[in-house]
2 protein chains.
Amino acid sequence: MSNRKIISKDIARSVAQACLCLHVQRAARALARHFDDVFRPLDLTSGQYSLLMSLNRTDSTGGAPTMGDTADFLAMDRTTLTAALKPLERRGLVRIAADENDRRIKRLALTPAGNAVLAKAYALWQEFHGAIEAEMKSPSADAMRSGLIRMVEKLERGNG
Amino acid sequence: MSNRKIISKDIARSVAQACLCLHVQRAARALARHFDDVFRPLDLTSGQYSLLMSLNRTDSTGGAPTMGDTADFLAMDRTTLTAALKPLERRGLVRIAADENDRRIKRLALTPAGNAVLAKAYALWQEFHGAIEAEMKSPSADAMRSGLIRMVEKLERGNG
DNA sequence: TCAATATACTTTGATATCAACCTATCCGTC
DNA sequence: GACGGATAGGTTGATATCAAAGTATATTGA
């Protein structure tokens with residue numbers, strides 16, 4: 001008894017109800033599939049949409065977003081971003097250029113083609129994202145979103 | 001003006017605040033990294049933990065969980081599950097066997113080794129998951145979780 | 001019976017994800 | 001300038017993710 005080596009079905013049930021990891025991953029997969037479908041006419045995934053949209057930002061100095069900057073914003077490993085940019089650069093949607101003053105830094109920018117695709121994707125996003133929020137009723141979506149944001153802040157602070 | 005082809009920084013900012021896709025993916029990545037760290041001593045990822053824990057269930061007929069059954073539970077594509085099981089089966093943590101009556105169906109089960117690893121992982125999970133919930137204050141974690149669950153239900157119902 | 005359809009799962013190919021390790025550049029100090 | 005440490009990214013290898021197309025088994029209907 002004291003040296004319990006087997007997880008009972010009751011424990012498994014309670015973990016399945018409580019585990020944030022499980023529910024966040026489930027939601028991530030279901031949402032990604034949904035928006036992958038939405039953006040399929042543009043040959044864009046939901047992750048690529050978030051990445052392209054994130055390039056309309058400035059870094060802490062007001063310049064174009066950098067690799068590290070963007071990876072932090074997306075709560076993504078820097079090496080994941082390197083890989084994720086490759087198909088977008090290959091398609092000519094994103095331009096990557098070394099900073100003039102610090103050759104270590106790479107600055108990311110949307111090309112005109114990237115901007116055009118993003119504008120079309122934004123129209124789709126508005127339609128389908130609005131539908132989801134409407135179905136969830138706003139307060140519930142808001143509570144979920146603020147919980148997610150707070151959780152990421154706390155998780156990232158630890159590793160920072 | 002009417003044929004706007006460029007996403008302004010203002011629009012990008014509002015999308016970044018509102019987009020559930022972005023915030024759920026961010027949270028999924030941050031949480032996965034965190035629990036990957038937690039489970040690293042057991043050479044287990046957070047996703048593998050959820051998968052192993054999900055095998056302590058019964059399908060709709062009361063039998064051992066099947067592939068499709070488990071994929072649905074995790075809101076995961078069936079082909080993803082096929083791939084995810086391979087390292088676990090190779091390590092001898094999971095056993096996969098064709099159903100006696102319907103050879104199409106594969107039934108999944110934890111091996112004794114799988115159960116032992118899962119029991120150790122569960123102890124770690126309790127400790128670190130409790131800490132996250134405590135930091136978030138319970139009502140906020142609860143609101144987030146129920147929002148996520150409701151969202152997945154609605155998303156999966158559509159595709160069914 | 002047997003042909004058509006449906007169901008359960010697999011394989012392949014592309015992208016996503018991260019850890020571990022590596023390279024290039026900058027900065028401070030001597 | 002040269003060394004040492006710090007910073008910014010890249011590469012490799014393993015797993016995760018899904019779509020498209022495929023295989024095997026079961027069911028249904030003529």
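Residue numbering restarts at 1 for every chain, and letters A, B, ... go by the order of the sequence lines. Predicted, not measured: the structure shown is a model, and the values here were computed from it.
- Between B:Gln48 and B:Asp43 the shortest heavy-atom distance is OE1-O, 4.1 Å.
- As rounded to whole Å, 16 Å separates atom C1' of D:dT17 from atom CZ of A:Arg26.
- In this structure, CG in A:Asp59 is found 6.0 Å from OG1 in A:Thr66, a value given to the nearest 0.5 Å.
- Under the 3.5 Å distance criterion, with hydrogens and angles disregarded, a donor-acceptor pair is assigned to the side chains of B:Thr79 and B:Asp77.
- Not one side-chain nitrogen or oxygen of A:Arg103 sits closer than 4.0 Å to the OP1 or OP2 atom of C:dT25.
- Summarising the geometry, the separation between CG on A:Leu44 and P on D:dC18 is reported as 17 Å, rounded to the nearest angstrom.
- For the pair B:Arg33 CZ and C:dA19 C1', the computed distance is 12 Å after rounding to whole Å.
- Across the interface with DNA chain C, nearest-nucleotide mapping of A:Glu100 and B:Asp36 shows B:Asp36 to be the residue nearer the 5′ end.
- Take the nearest nucleotide of DNA chain D for B:Asn101 and for A:Arg40: the residue whose nucleotide is more 5' is A:Arg40.
- Nearest approach of B:Arg57 to B:Ser54, heavy atoms of both residues: NE-O, 2.6 Å.
- Note: CD (B:Gln25) to P (C:dC18) measures 10 Å, nearest angstrom.
- Using cut-offs of 30° and 60° on the angle between ring planes, the pair A:Phe39 and A:Phe35 is tilted.
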**Protein proximity profile, nucleotides 7-16 of chain D - base contact B, sugar-phosphate-only contact S, no contact -, cut-off 4.0 Å on heavy atoms** = BSSBB---SS
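- Under a hydrophobic clustering in which Ile, Leu, Val, Met, Phe, Trp and Tyr are joined whenever their side-chain heavy atoms come within less than 4.5 Å, directly or via other members, A:Ile132 and B:Leu22 fall into the same cluster.
- What separates CG of B:Asp77 from P of D:dA20 is a distance of 11 Å, to the nearest Å.
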